[in-house]
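Here is the structure we will look at.
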Amino acid sequence: MAVIRGRGQVSASLSGLIIIALVLMLAIGWIGAPGQQLTELVMYLLTAGVLSLGVGAAGVFWLRRGSGRLWLQMTVTYALGIGIALFNVFLTVQLMFISSREFPLLVLLLLFAGVVSLGLGMSLARTIGQRVTALHVGARALAAGDLSARVPVTGRDELSDLAREFNQMAEQLAASATERNRQEAARRDLITAVSHDLRTPLSALRAMVEALVDGIVDDPATVVRYVATMRSQIDHLGVLIDDLFELSQINAGALDLELQRVAIGDLLSDVVIGLQAQATAKSIALEAAIMPDIAPVPVAPRKIERVVYNLIANAIRHTPGGGAVTISAQEVGDGVPTESAATANDWVLIEVADTGEGIGPEDLPHIFDRFYRSEKSRSRATGGSGLGLAIARGIVEAHGGKIWIESAVGQGTCVRFCLPRERR
Ligand code: ADP
């Protein structure tokens, strides 16, 4: 700062000297002033220059200290400048050439010019002051938590740029506050859902254990039934805890993906075989239509098995007896809604379609959300945790793929996901 100020004083003195030299050259070359007058002129210019510089420097010092309102500082600076200019002109005129008849007229004209300049300067200062005040009020409102505070943007000068940037900053703050609120609400919902899902089987278990311990139930057939139910509740709790662990790893980006080149057809067939008994028990036709010669894909096999298992288990669960669940796989290029799918056969597309109850359009946008169940009571009764699709999406996206769902109530559901043929 000191350096800048020092430079300012040096350049002001230098300009003063240049002006004096110019005036002298003009006086000699143009007017042809004699030596005596030239000495007087130099003396006068030096005195007036030093005086003007002194007053000007005091004004600038006052301005830099920022005492008083901005518009007042600017107005005083204008007044100072105009005052110095008028003072110099009066002095020059008195010392030199003008006759006493013309002098009052010149004074009037100069005063008129001074008042007009001061008026214009004042109005400019007021406008700038008001715009700075608007920014100040906006910043104060923002600091007090009013994230809707914006300032008017007028013109294209530096203050407008500042106002525009202020508004952008306020916009970003509002957006991040909304996102923070959304995440907090999601976290609250998650805790509520987790505690509910843990509490329900635990309460059932406690009731059954107490009934057994207190001897309320002693008939052997009922005891066996109780134990079987307790076992299924414990299994359910185990699955829920595993799902939650998997989901937390997905959300933390800590999913352990040990990619191997896997023949996707074989992987799908293994899962289908594993679920065949479940489908047969419900009289559902479970079929696989896998295109031959699909080149091996780099995937974490256990994870992709998990995805396919979740999708087929859902399809079986939501398809009534006599229906069908079909699994297909093919290589695709165009048509996959992923921007980077430019060249042919870039992706392997896997599809799980059923002829089940379908999903209503009001549920479809939320179906991949954690703990979302389209018909809560029924799905909970059938053992779904509401995490299957969220986990499937997390795993597919961690592979650089994409998953989506189409469904029509009463007609069936089709879940598709694509995996990149090459590691991305
Ligand atoms: P869940 O463990 O409850 O099945 P998911 O995340 O796998 O949880 O599925 C969320 C909800 O989506 C399910 O509760 C169900 O209502 C609906 N859903 C999923 N797949 C199907 C399907 N094939 N047909 C009809 N509804 C489905």
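Indexing begins at 1, ligand by ligand and atom by atom, following the structure's order. Sequential numbering from 1 along the given sequence is applied to the chain's residues. Reckoned from all heavy atoms, side chains included, excluding hydrogens, waters and symmetry mates.
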Among Asn314, Leu311, Thr319, Asp243, closest by any non-hydrogen atom to atom 19 (C) of ligand 1: Asn314

Which atoms of ligand 1 are found less than 4.0 Å from any heavy atom of Leu387? 6 (O), 8 (O)

Side chain of Asp354, backbone of Thr413: donor and acceptor closer than 3.5 Å? yes

Can you tell if the side chain of Arg421 reaches within under 4.5 Å of the side chain of Asp346, non-hydrogen atoms only? no

Only heavy atoms count here, so choose which of Ile316, Asp354, Ile367 is nearest to atom 12 (O) of ligand 1. Ile367

Heteroatom distance test (Gly358, ligand 1): nitrogen or oxygen, under 3.5 angstrom: no

For ligand 1, which is the ligand I care about here, please tell me if Ile359 has any N or O atom under 3.5 Å from one of the ligand's N or O atoms. no

Close-contact set for ligand 1 against Leu389 heavy atoms, below 4.0 Å: 5 (P), 6 (O), 7 (O), 9 (O), 19 (C)

As a check for students: among Arg393, Arg317, His318, identify the option with a heavy atom nearest to atom 13 (C) of ligand 1. His318

Taking a cutoff of less than 4.0 Å between a non-hydrogen atom of the residue and any ligand atom, is Ala315 in contact with ligand 1? yes

Are the side chain of Arg131 and the backbone of Thr154 linked by a donor-acceptor contact shorter than 3.5 Å? yes

Presence of salt bridge, Arg416 and Glu406, under 4.0 angstrom: yes

Hey, does Glu357 come in under 3.5 Å of ligand 1, counting only N/O atoms on both sides? no

Answer yes or no: is there a side-chain heavy-atom contact under 4.5 Å between Asn310 and Leu389? no

Would you say Gln278's side chain and Ala313's backbone share a donor-acceptor pair under 3.5 angstrom? no

Residue selection (non-hydrogen contact nearest atom 3 (O) of ligand 1) among Ala392, Gly386, Gly356: Gly386

Can you find a side-chain donor-acceptor pair between Ser160 and Asp157 that sits under 3.5 Å? yes

Could you verify whether a donor N or O on one side chain and an acceptor N or O on the other, from Gln183 and Glu179, lie under 3.5 Å apart? yes

So which bit of Thr413 gets within less than 4.0 Å of ligand 1, heavy atoms only: side chain, backbone, both or neither? side chain

Contact between Asn310 and ligand 1, counting heavy atoms under 4.0 Å? no

